[in-house]
Amino acid sequence: MPEVTLALVGAGQRGMTYARHAVASGAGRVTAVAEPDPARRAAAVAEFGVAPDRAYPGWAELAAAGRTADAAIVATQDRQHRDPAVRLADLGHHLLLEKPMATNEAEAVDIADAAERNGILLAVCHVLRYTPYTEALKRVVDEGRIGRLISVEHLEPVGWWHQAHSFVRGNWRRQDTSAPMLLTKSCHDVDWLMHLFGRAPARVASFGSLSHFRAADRPAGAAARCVDCPVEQSCPYSAKRLYLDCLGDPARESWPLSVVTDARDKAGVLQALRTGPYGRCVYDCDNDVVDHQVVSMEFADGATCSFTMSAFTPMDHRKTRLMGTTGFVEGDGSTLRIVDFLTGREQVLDPLTGAGPSAGDGHGGGDEALTDAFLTAVATGDRDLLHTDAARSLASHRVVWAAERARTTGTVVTLQG
C-alpha cells in the first residue's frame with residue numbers, strides 16, 4: 001500500500017495523536033505542519049522530520065503553497081474548522097477532520113459541500129464508531145440477535161475531574177468561544193447512537209443546565225486559585241491534587257498535564273497553576289456550558305432513545321442498554337451481556353481487551369482504528385472502509401443542534417426527513 005503524505009493543521013493534543021498513529025503504523029508520513037504556536041510547531045517539525053520550508057504559522061500560509069500532501073489532518077480549535085477544511089478540500093486534499101465538524105450548521109454544510117464537489121474523502125473523527133467494542137455491538141444489532149430495536153438507554157460518564165479540566169477551566173468552557181457541550185463533547189454519542197439505529201430520529205427533546213460549577217456553590221473561604229486556597233484539600237476539584245498527581249505517570253503526563261504545562265516537576269506545575277487558567281477555582285471561572293444534560297429521541301417507527309451526559313461520575317466507558325423485541329444487550333464500554341428471550345441464555349462478549357475510555361487512552365482503540373481506516377481508504381480509494389461520510393456526519397450534527405434548540409426553548413423539535 002502506498003504511503004500517504006499528510007499535512008498537519010493544528011499540532012495540539014488531538015492533531016498530534018492522529019499524526020503519531022499515522023507515522024507509527026508506517027502508512028503515513030507528515031510532510032507539512034501548520035501551527036500558530038511556535039513551540040508546538042517546532043516540536044512537531046522535529047518529531048516528524050518536516051522540511052523547514054514546509055512549516056507554516058497557520059493554515060492560510062499552508063494553503064497558499066498549494067497541495068502539499070495527499071491528505072490533511074484538520075485539528076484546529078472548534079470554531080476554526082470551516083475555512084481550512086473548505087480551502088484544503090478545494091486544493092484536493094482528503095480530510096481527517098476533528099469533531100465537531102463545525103460549530104454551526106451553515107459552516108458544516110459548507111464543509112460537506114466542499115467534500116462533495118471535490119470528490120475527496122472526508123472522515124470526521126467520530127472515533128467511537130471504530131472501536132472493537134462498537135463493531136461487536138453493531139454486529140449484534142445488525143444480525144437481529146435482539147430482534148427489532150425498541151428502546152435504548154445510554155450514559156456518557158464525563159468524570160468529575162475531566163469536567164473541571166476541559167469544560168470549566170479549559171478550552172471548551174464557554175459557548176461563545178467554543179460551542180455547547182452537547183456538540184463539543186457529546187456529538188460523539190449522538191453520532192454513535194445514530195450508527196446503532198442506522199438512521200436519525202424524527203423528534204428530539206432535551207433538558208440540562210449548569211447546576212454546580214458556579215459562584216453560588218463556592219465553599220465558604222475558597223480562594224480564586226487552588227494554590228492559595230485554605231479549603232483546597234477538602235475540594236474534589238482541586239487543581240493541585242489533579243495535576244501534581246500526574247507527575248511520574250507517563251500516560252497522565254501526556255494528558256491532561258501536557259495541556260497545562262510542559263514542566264514535569266512540582267515547582268513547574270505549581271507555577272503554571274499560579275498563572276494559568278488551569279489553576280483557577282472551579283467556582284470562580286467564566287464557564288457557562290452545562291454540567292449535565294438529557295436528550296430524548298423518538299424514531300419514525302416509534303423506537304425511543306434516552307441519552308444522559310453527566311459530569312458527576314467517575315471518568316469511565318459509556319454505559320448502554322439496548323432493548324429489542326427478542327433480546328437485550330447491556331454494555332459497559334468494555335464487555336457486552338446479551339440475553340436471548342427465547343432461551344433465557346446469556347452470553348458475555350469481551351471485545352475491548354482493556355483499552356481505556358479517555359483521549360489519553362485513545363478512546364478505547366477508536367483513535368488508532370479511525371486513523372488506519374482513513375489512511376487505507378486514501379491509499380486504495382475504498383470509501384467503504386470509512387464508517388461515516390460527509391452526509392452522515394452532517395446528519396448527526398443536525399440532531400445535536402436540534403437537541404440544543406429543544407433544551408433552550410423548552411420544546412420538542414421535529415427533524416426534517
Side-chain angles (χ1 to χ4, degrees), residues 10-17 20 35-44 46-47 75 77-78 157-174 177-178 181 184-185 210 212-289 291 311-316 356-362:
Q13 195 264 340
R14 296 307 296 156
M16 291 296 286
T17 292
R20 284 168 176 155
E35 166 56 53
D37 183 280
R40 284 183 175 175
R41 183 170 66 248
E47 179 171 342
Q77 287 295 310
D78 296 343
V158 176
W160 81 94
W161 67 263
H162 186 201
Q163 182 81 20
H165 171 72
S166 295
F167 305 102
V168 177
R169 297 174 173 125
N171 291 333
W172 296 276
R173 67 189 183 273
R174 292 188 60 83
T177 56
S178 180
M181 189 162 173
T184 61
K185 184 71 175 76
L210 174 61
H212 183 65
F213 299 97
R214 54 188 186 171
D217 290 291
R218 184 173 181 168
R225 288 187 174 269
C226 294
V227 290
D228 305 315
C229 185
V231 300
E232 171 267 327
Q233 291 188 356
S234 62
C235 179
Y237 307 103
S238 164
K240 285 178 65 178
R241 182 184 308 110
L242 170 57
Y243 300 116
L244 289 176
D245 284 354
C246 293
L247 293 173
D249 181 339
R252 295 177 67 196
E253 287 183 351
S254 175
W255 186 84
L257 185 60
S258 65
V259 180
V260 179
T261 178
D262 293 329
R264 294 297 178 264
D265 62 273
K266 182 177 179 179
V269 172
L270 290 175
Q271 178 61 22
L273 299 185
R274 288 188 185 96
T275 59
Y278 291 92
R280 293 179 296 173
C281 173
V282 294
Y283 306 104
D284 193 31
C285 292
D286 59 344
N287 56 302
D288 64 7
V289 299
D291 52 26
F312 307 106
T313 67
M315 186 177 180
D316 204 349
S358 73
D361 301 316

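The analysis underlying the following values was restricted to heavy atoms, covering all of them including side chains, and did not include hydrogens, waters or symmetry mates. Worth saying up front: this structure is predicted, and the values here are computed from it rather than measured.
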Asker: May I have the step-by-step check of side-chain contact (heavy atoms from CB on, under 4.5 Å) for Val260 and Val269, ending in yes or no?
Answerer: CA-CA 8 Å; Val260 179; Val269 172; 5.7 Å; no
Asker: Going through the checks in order, is the side-chain contact (heavy atoms from CB on, under 4.5 Å) test met by Gln163 and Thr313?
Answerer: CA-CA 10 Å; Gln163 182 81 20; Thr313 67; over 6 Å; no
Asker: Hey, could you give me each pair passing side chain to side chain donor-acceptor pair (under 3.5 Å) that has a residue in residues 217-230? Not counting sequence neighbours.
Answerer: Arg214-Asp217
Asker: Compare every heavy atom of Ala311 with every heavy atom of Val158, then report the nearest pair and how far apart it is.
Answerer: CB-CA, 4.1 Å
Asker: Using modelled atom types and a 3.5 Å cut-off, is there a donor and acceptor pairing between side-chain atoms of Ser234 and backbone atoms of Val231?
Answerer: yes
Asker: Can you name the residues that form a side-chain contact (heavy atoms from CB on, under 4.5 Å) with Cys285, not counting sequence neighbours?
Answerer: Val168, Arg169, Arg280, Asn287
Asker: Excluding sequence neighbours, so at least two apart, what forms side-chain contact (heavy atoms from CB on, under 4.5 Å) with Val289?
Answerer: Phe167, Gln175, Met181
Asker: For Ser178, which residues count as a side-chain hydrogen bond (donor to acceptor under 3.5 Å, both in side chains) partner, sequence neighbours excluded?
Answerer: Asp78
Asker: I need the minimum non-hydrogen distance between Thr275 and Gln271, along with the two atoms involved.
Answerer: OG1-O, 3.0 Å
Asker: Under the side-chain hydrogen bond (donor to acceptor under 3.5 Å, both in side chains) test, which residues partner Asn171, sequence neighbours left out?
Answerer: none
Asker: So, using salt bridge (Lys or Arg N to Asp or Glu O under 4.0 Å) as the criterion, who are the partners of Arg40 when residues are at least two apart?
Answerer: none
Asker: How long is the span from the CZ atom in Phe213 to the OH atom in Tyr283, to the nearest 0.5 Å?
Answerer: 6.5 Å
Asker: Please give me the minimum heavy-atom distance between Gly221 and Pro230, naming the atom from each residue.
Answerer: O-CG, 3.3 Å
Asker: What residues, two or more places apart in sequence or in another chain, satisfy side-chain contact (heavy atoms from CB on, under 4.5 Å) together with Val259?
Answerer: His165, Trp255, Tyr278
Asker: Can you list the residues that meet the salt bridge (Lys or Arg N to Asp or Glu O under 4.0 Å) rule with Asp245, with sequence neighbours excluded?
Answerer: none
Asker: Enter the distance from Trp161:CH2 to Tyr243:OH here, rounded to the nearest 0.5 Å.
Answerer: 8.0 Å
Asker: Working to the nearest 0.5 angstrom, can you tell me the gap between Gln77 CD and Trp172 CH2?
Answerer: 6.0 Å
Asker: Taking side-chain contact (heavy atoms from CB on, under 4.5 Å) as the definition, give me every residue that meets it alongside Ala43, ordered by chain and number, with sequence neighbours left out.
Answerer: none
Asker: Could you tell me the separation between the NZ atom of Lys240 and the CG atom of Leu270, rounded to the nearest 0.5 Å?
Answerer: 6.5 Å
Asker: Parallel, tilted or perpendicular for His212 and Tyr237, by the 30°/60° rule?
Answerer: tilted
Asker: Is the closest side-chain heavy-atom distance between Leu242 and Arg252 below 4.5 Å?
Answerer: yes
Asker: Among residues two or more places apart or on two chains, list those pairs meeting side chain to side chain donor-acceptor pair (under 3.5 Å) that have a residue in residues 256-267.
Answerer: none
Asker: Suppose we screen for side-chain hydrogen bond (donor to acceptor under 3.5 Å, both in side chains). Which residues come up paired with Arg41, at least two apart in sequence or across chains?
Answerer: none
Asker: Considering all heavy atoms of both residues, which atom of Ala223 and which atom of Cys229 are nearest to each other, and what is their separation?
Answerer: N-SG, 3.5 Å
Asker: Quick one: does Arg274's side chain have a donor or acceptor within less than 3.5 Å of a partner on Val227's backbone?
Answerer: no
Asker: Just to verify, what does Glu47 make a side-chain hydrogen bond (donor to acceptor under 3.5 Å, both in side chains) with, not counting sequence neighbours?
Answerer: Arg20
Asker: Looking at Ser254 and Pro250, would you say the former's side chain and the latter's main chain have a donor-acceptor pair under 3.5 Å?
Answerer: no
Asker: How many angstroms lie between CG in Leu244 and OG in Ser238, if you round to the nearest 0.5 Å?
Answerer: 8.0 Å
